[in-house]
Amino acid sequence: MQNTAKIVEDLISRSNRLGADKRNTNFAGGNTSAKGTEKDPVTGQDVELLWVKGSGGDLGTLKAENLAVLRLDRLQALKSVYPGVEREDDMVAAFDYCLHGKGGAAPSIDTAMHGLVDAAHVDHLHPDSGIAIATAVDGEALTSKVFGDKVVWVPWRRPGFQLGLDIAAIKEANPQAIGTILGGHGITAWGATSEEAEANSLWIIDQAENYIKDNGKTEPFGAKLPGYGALPETERKAKAAALAPVIRGLASTDKPQLGHFSDDAVVLEFLESAEHPRLGALGTSCPDHFLRTKVKPLVLDLPADATIEESTNRLKELHAAYREDYQAYYDRHADADSPALRGADPAIVLIPGVGMYSFGKDKQTARVAGEFYINAINVMRGAEAISTYAPIEESEKFRIEYWALEEAKLARMPKPKSHATRIALVTGAASGIGKAIATRLASDGACVVIADLNLENAQKVAEELGGSDVAIGVQADVTDEAQIAAAIQEAVLAFGGLDLVVNNAGLSISKPLLETTEKDWDLQHNVMAKGSFLVSKAAAKVMIDQGLGGDIIYISSKNSVFAGPNNIAYSATKADQAHQVRLLAAELGEYGVRVNGINPDGVVRGSGIFAGGWGAKRAAVYGVDEQELGKYYAQRTLLKREVLPEHVANAASVLTSNELSHTTGLHIPVDAGVAAAFLR
């Protein structure tokens with residue numbers, strides 16, 4: 001009796017090692033498997049099982065729960081009922097009838113490859129070097145030349161049951177072989193043990209890499225184009241940030257997208273080379289690549305020193321042409337059973353001298369799309385170094401991109417959250433109300449920029465919210481225009497643009513008029529009135545360039561309309577902020593930008609302002625113990641409820657959701673009911 005726990009443990013370890021190195025396979029790409037025997041709990045008889053990476057899993061982070069578990073006898077019995085390639089998709093549903101017990105993860109389309117090949121351990125990977133040979137125009141001859149008879153060529157075939165049958169037949173006919181090159185696609189290797197399968201996979205990858213290195217041309221992408229080289233880093237980042245909102249707006253014509261920017265040396269080198277227009281137009285080949293990058297990128301055909309205005313105007317022209325071309329591609333290949341067109345905007349936009357923008361439904365998808373295009377560039381380099389790059393036919397790309405199984409997978413995706421694809425910047429977000437708002441927006445699906453005077457605290461909050469695919473921390477003194485510009489540059493380079501700003505940064509000085517100094521007055525107004533103005537001005541520029549509308553929220557105060565003693569500087573600047581809401585709502589409405597305010601009161605617990613001494617001073621004014629201040633405030637309200645930072649965050653969430661899409665210029669009280677502060 002085999003130790004199946006050890007089989008699964010070895011499979012997971014092998015998968016994680018292979019997936020951790022991106023030269024072996026890309027994120028969520030490829031799959032691995034192992035076969036073994038255990039007792040059927042119902043019959044008590046030995047049963048042969050297949051453990052294989054399930055649909056949507058990632059080798060680098062694979063866990064036992066990500067494996068599909070199938071009965072091998074039932075899976076292999078499907079050969080007798082296989083209806084042929086015309087009904088290939090029916091076989092995926094048949095895998096459900098082969099599951100053992102609860103079955104684990106959903107089986108992927110590649111399950112047949114692993115179950116039908118007569119080997120205890122099988123790896124299917126997408127290494128750049130292997131795909132370079134797979135996409136070379138003479139890939140079959142190269143396979144023999146590079147690997148001898150140890151690796152066999154398999155002509156392009158869409159993933160599925162027939163491909164599994166093909167590879168199984170090749171292994172049976174070639175007992176000396178350790179794997180295959182799959183035309184246009186990747187590699188498959190096998191072994192009698194987990195160690196042997198891994199070693200064979202790595203041998204194929206290394207052999208391909210070494211052959212390309214030893215025999216490839218020194219300039220596979222051609223000569224350098226004058227004027228297309230990388231701009232100096234500071235200039236490059238500034239231009240990337242200036243173009244990002246425009247490009248994101250174009251890429252979001254059909255539906256909002258999140259973005260990712262990369263100025264990886266691989267991208268910059270590709271874009272300064274003479275052959276990049278030809279190769280870019282040919283598009284990617286591996287199914288995992290173009291499912292995420294679309295068939296080809298949009299490439300700006302201007303040199304690196306083109307102005308922002310020149311680049312913007314040309315990008316708009318190229319985008320219109322791209323959409324027409326993509327529609328024509330769809331029309332050429334779609335039939336009555338094809339899924340509807342999913343959108344004609346590019347997923348990859350390349351700017352010579354600057355870098356690459358990639359887009360997706362969330363930050364991870366956008367980032368991974370960019371990583372895949374870097375894989376594709378590496379593939380093109382390898383293929384061009386030793387041959388000529390020749391991806392699979394356009395019609396086959398369409399069959400993959402608009403595959404009914406892919407459409408079904410998309411339909412199973414959970415409904416997007418209320419703030420999905422939205423990018424928010426919250427000032428003063430490392431503590432108190434700001435942190436509560438940032439946390440709520442992130443839980444609503446937004447990507448959040450935590451802006452705060454304290455960079456370490458801002459980065460800590462960002463990590464708590466989920467790391468760089470969800471949030472980033474930036475340092476920003478809102479009284480400093482240059483720091484605000486730098487923070488917004490970080491935001492647009494991290495996520496593609498900006499949709500939502502919360503002016504929350506603040507402080508409070510509680511003094512009577514005669515004790516309030518000019519310094520007190522200036523500090524109070526610089527941080528909140530001036531700071532909100534500067535942040536709103538910089539954010540509005542990005543929102544207007546995007547053309548996607550947006551939201552600006554001011555965290556004002558009950559004190560903006562209520563006159564109380566001993567806080568002349570604080571209340572006056574809050575009134576300034578409140579009127580900025582009305583002024584900006586009137587000015588920015590034509591761009592679809594909504595501007596609203598929130599008037600909290602009595603937020604003691606969790607408040608940075610109260611913890612900084614304001615609480616003690618207000619408690620002294622009211623003649624209560626500071627620890628009882630929250631309860632004191634609650635008792636003077638109509639609802640007799642204490643106000644917490646999370647209640648302010650709730651208001652920010654609702655105000656910036658589609659539920660109030662037609663509301664601007666509004667101030668919402670979050671004070672548990674203070675009649676003296678009623679707005680009407």
Side-chain angles (χ1 to χ4, degrees), residues 27 61 237 241 244-245 248 256-262 357-371 414 416-478 483-505 535 538-539 542-543 546 548 550-553 555 606 608 645-646 648-650 652-653 655-657:
F27 177 81
T61 56
K237 298 289 189 186
R248 180 179 177 232
Q257 299 284 290
L258 280 168
H260 175 76
F261 173 74
S262 172
Y357 302 82
S358 52
F359 297 94
K361 64 182 178 65
D362 53 39
K363 170 64 179 184
Q364 184 191 66
T365 304
R367 174 177 56 79
V368 169
E371 292 173 0
K417 295 182 178 180
S418 62
H419 287 61
T421 74
R422 305 207 74 199
I423 304 159
L425 183 146
V426 184
T427 64
S431 62
I433 290 173
K435 181 178 179 181
I437 292 172
T439 301
R440 174 58 188 268
L441 293 176
S443 73
D444 288 339
C447 289
V448 186
V449 180
I450 311 297
D452 200 90
L453 272 174
N454 189 311
L455 177 60
E456 183 179 351
N457 288 350
Q459 292 174 333
K460 181 180 178 182
V461 172
E463 193 61 34
E464 289 172 2
L465 294 182
S468 59
D469 281 345
V470 176
I472 61 168
V474 302
Q475 185 171 24
D477 178 346
V478 297
Q483 288 197 36
I484 294 168
I488 288 183
Q489 176 171 306
E490 287 192 62
V492 299
L493 292 181
F495 300 118
L498 192 59
D499 304 301
L500 193 166
V501 165
V502 180
N503 283 308
N504 168 74
V535 170
V542 174
M543 293 176 187
Q546 281 180 158
L548 300 174
D551 283 282
I552 299 176
I553 297 292
I555 305 303
E646 289 72 22
V648 184
N650 292 343
S653 174
L655 271 174
T656 55
S657 72

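Start at 1 with the first residue, then count along the sequence.
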Nearest 0.5 Å please: distance from the [atom1] atom of [X] over to the [atom2] atom of [Y].
{"X": "Gln489", "Y": "Ile484", "atom1": "CD", "atom2": "CD1", "answer": "14.0 Å"}
{"X": "Asn504", "Y": "Leu425", "atom1": "CG", "atom2": "CG", "answer": "11.0 Å"}
{"X": "Leu453", "Y": "Thr427", "atom1": "CG", "atom2": "OG1", "answer": "10.0 Å"}
{"X": "Thr656", "Y": "Ile553", "atom1": "OG1", "atom2": "CD1", "answer": "6.0 Å"}
{"X": "Arg248", "Y": "Ile423", "atom1": "CZ", "atom2": "CD1", "answer": "3.5 Å"}
{"X": "Leu500", "Y": "His419", "atom1": "CG", "atom2": "NE2", "answer": "6.0 Å"}

Of Asp452, Asn503, Val535, which is the lone residue that meets side-chain contact (heavy atoms from CB on, under 4.5 Å) with Val478? Val535
Is any side-chain heavy atom of [Y] closer than 4.5 Å to one of [X]?
{"X": "Arg367", "Y": "Asp469", "value": "yes"}
{"X": "Leu655", "Y": "Asp551", "value": "no"}
{"X": "Cys447", "Y": "Leu258", "value": "yes"}

Give me the atom names and distance for the closest heavy-atom approach of [X] to [Y].
{"X": "Ser653", "Y": "Leu441", "value": "CA-CD2, 4.4 Å"}
{"X": "Val492", "Y": "Pro245", "value": "CG1-CG, 4.5 Å"}
{"X": "Ala539", "Y": "Val501", "value": "CB-CG2, 3.4 Å"}
{"X": "Val470", "Y": "Phe495", "value": "O-CZ, 3.9 Å"}
{"X": "Ala487", "Y": "Val474", "value": "CB-CG2, 3.8 Å"}
{"X": "Asn650", "Y": "Arg440", "value": "OD1-NH1, 2.6 Å"}

Is a side-chain donor or acceptor of Thr439 paired with a backbone partner of Lys435 at a separation under 3.5 angstrom? yes
Is it the case that the side chain of Gln546 and the backbone of Leu498 share a donor-acceptor pair, with hydrogens and angles ignored and the cut-off at 3.5 Å? yes
Indicate every side-chain donor-acceptor pair of residues 456-463 with a distance under 3.5 Å to a residue at least two apart or in another chain.
none

Thr365 and Asp362 side chains, donor-acceptor separation under 3.5 Å: yes
